[in-house]
Amino acid sequence: MSDAPIEITAELIDDLLREQHPDLAGRSIHEVEGGWGNQMWRLGEDLAVRMPRMDDAARLQLRERRWLPLLAPRLPLPIPVPVRSGDPSARFPRPWTVMTWVPGEPLDRAPIDRGEHAAVVLADFLNALHVEAPADAPISETRGGHPGEYTEGFDHFCHAVVPDDLADRVRAVWEDAVAAPAWEGPPFWVHGDLHPANAIGTDGTLSGVVDFEDLLAGDPAWDLAAAWVLLPDGAAKTFFDVYERADEGTIRRARGLAALKSLFLMLMGRNGDRGLPGGKPTWGPAGRAALDRVLEEGVV
């Protein structure tokens with residue numbers, strides 16, 4: 001296989017379904033805007049087809065196929081669950097997956113306005129997700145560890161998008177996270193990439209979580225960063241009142257990681273405004289709002 005671009009169309013998906021899952025062929029197929037490593041297509045009312053744009057995304061889909069059916073039954077919010085597996089073929093050389101559809105709007109397009117409610121919902125979700133992962137759970141070289149392992153990435157994002165008048169404050173948050181003690185518990189299941197485009201909202205609150213391709217065993221602080229990245233102003237305290245496993249060091253690491261994620265969102269938003277490949281215009285405002293919360297709300 002290679003990462004050469006492959007044109008993915010509704011006609012291609014319908015052909016693949018007719019070849020491998022003919023009972024699903026003939027349903028309406030509509031592309032869903034967004035996505036990074038995968039292109040998502042709505043399949044009827046209750047399903048979606050996840051088509052990898054590159055080989056690495058296909059590998060991560062196999063991770064989702066294995067673990068999400070085991071995690072979903074004990075999570076209090078809907079997540080995408082694989083229901084059919086698509087095999088590589090002459091028409092499309094990578095594995096692809098049919099998954100359940102999580103209804104609602106991504107939070108980068110429909111931000112939460114019921115902050116207290118969403119804080120409790122998010123805390124309950126992460127209380128359920130954050131349990132000790134099995135020995136064969138996936139790990140990652142790019143996330144899941146102590147913030148000190150990712151200073152190079154932070155420096156890159158900081159230089160790229162932080163206004164000069166905020167640079168010292170943002171760097172102080174990061175340095176505090178780097179100085180915080182490491183996670184001493186067992187590796188927990190961690191979503192790994194909780195940001196507004198991967199969280200679903202309905203009626204002003206959190207109603208689903210998607211895109212588990214970065215699912216890993218690691219430090220739960222990576223997900224706790226969502227207290228600032230997903231929730232609106234003032235909701236972080238309620239979140240940490242409900243979440244059961246956050247000591248002071250974990251909150252410090254989470255706040256630093258929230259700064260890192262905010263800067264990444266801002267950079268992708270700027271790239272989107274400039275029309276660069278992979279840019280996401282809606283991520284910029286979400287990232288800047290999250291960074292403001294990190295700086296103004298502090299450690300709860």
Are side-chain heavy atoms of [X] and [Y] found at a separation under 4.5 Å?
{"X": "V170", "Y": "V294", "result": "no"}
{"X": "P95", "Y": "Q61", "result": "no"}
{"X": "R50", "Y": "D211", "result": "yes"}
{"X": "P147", "Y": "W174", "result": "yes"}
{"X": "I13", "Y": "I8", "result": "yes"}
{"X": "D214", "Y": "R143", "result": "yes"}
{"X": "S262", "Y": "R288", "result": "no"}

Open item on the list: Looking at D87 and R94, is there a salt bridge between them, counting it only when a charged N and a carboxylate O are closer than 4.0 Å?
Closed with: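 Looking at D87 together with R94, the answer is no, because their closest N to O distance does not fall below 4.0 Å.
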
TODO: Salt-bridge test for R169 and E296: reply yes if a basic N is under 4.0 Å from a carboxylate O, no otherwise.
DONE: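 Salt bridge between R169 and E296, a charged N being under 4.0 Å from a carboxylate O: yes.
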
Task: ring-ring contact (aromatic ring centres under 6.0 Å, His included) partner of W189, chosen from F125, W67, F212 - done: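 Of the listed options, the one satisfying the test is W67.
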
Task: Contacts of type side-chain contact (heavy atoms from CB on, under 4.5 Å), residue A182, not counting sequence neighbours - done: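 A182: side-chain contact (heavy atoms from CB on, under 4.5 Å) contacts with H146.
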
Open item on the list: Can you classify the ring geometry of F240 versus W228 as parallel (below 30°), tilted (30 to 60°) or perpendicular (above 60°)?
Closed with: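 The arrangement is tilted - the two ring planes meet at 30° to 60°.
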
Open item on the list: Parallel, tilted or perpendicular: which one describes the rings of W222 and Y150, with boundaries at 30° and 60°?
Closed with: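 Aromatic pair W222/Y150 classed perpendicular.
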
- [ ] Return the set of residues passing side-chain hydrogen bond (donor to acceptor under 3.5 Å, both in side chains) with R114 (not counting sequence neighbours), or none when no residue passes.
- [x]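 Checked R114 against side-chain hydrogen bond (donor to acceptor under 3.5 Å, both in side chains); zero matches.
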
In Å, rounded to the nearest 0.5 Å, how long is the span from [atom1] of [X] to [atom2] of [Y]?
{"X": "E132", "Y": "H130", "atom1": "CD", "atom2": "NE2", "answer": "13.5 Å"}
{"X": "T151", "Y": "R171", "atom1": "OG1", "atom2": "CZ", "answer": "8.5 Å"}
{"X": "R42", "Y": "S28", "atom1": "CZ", "atom2": "OG", "answer": "8.0 Å"}

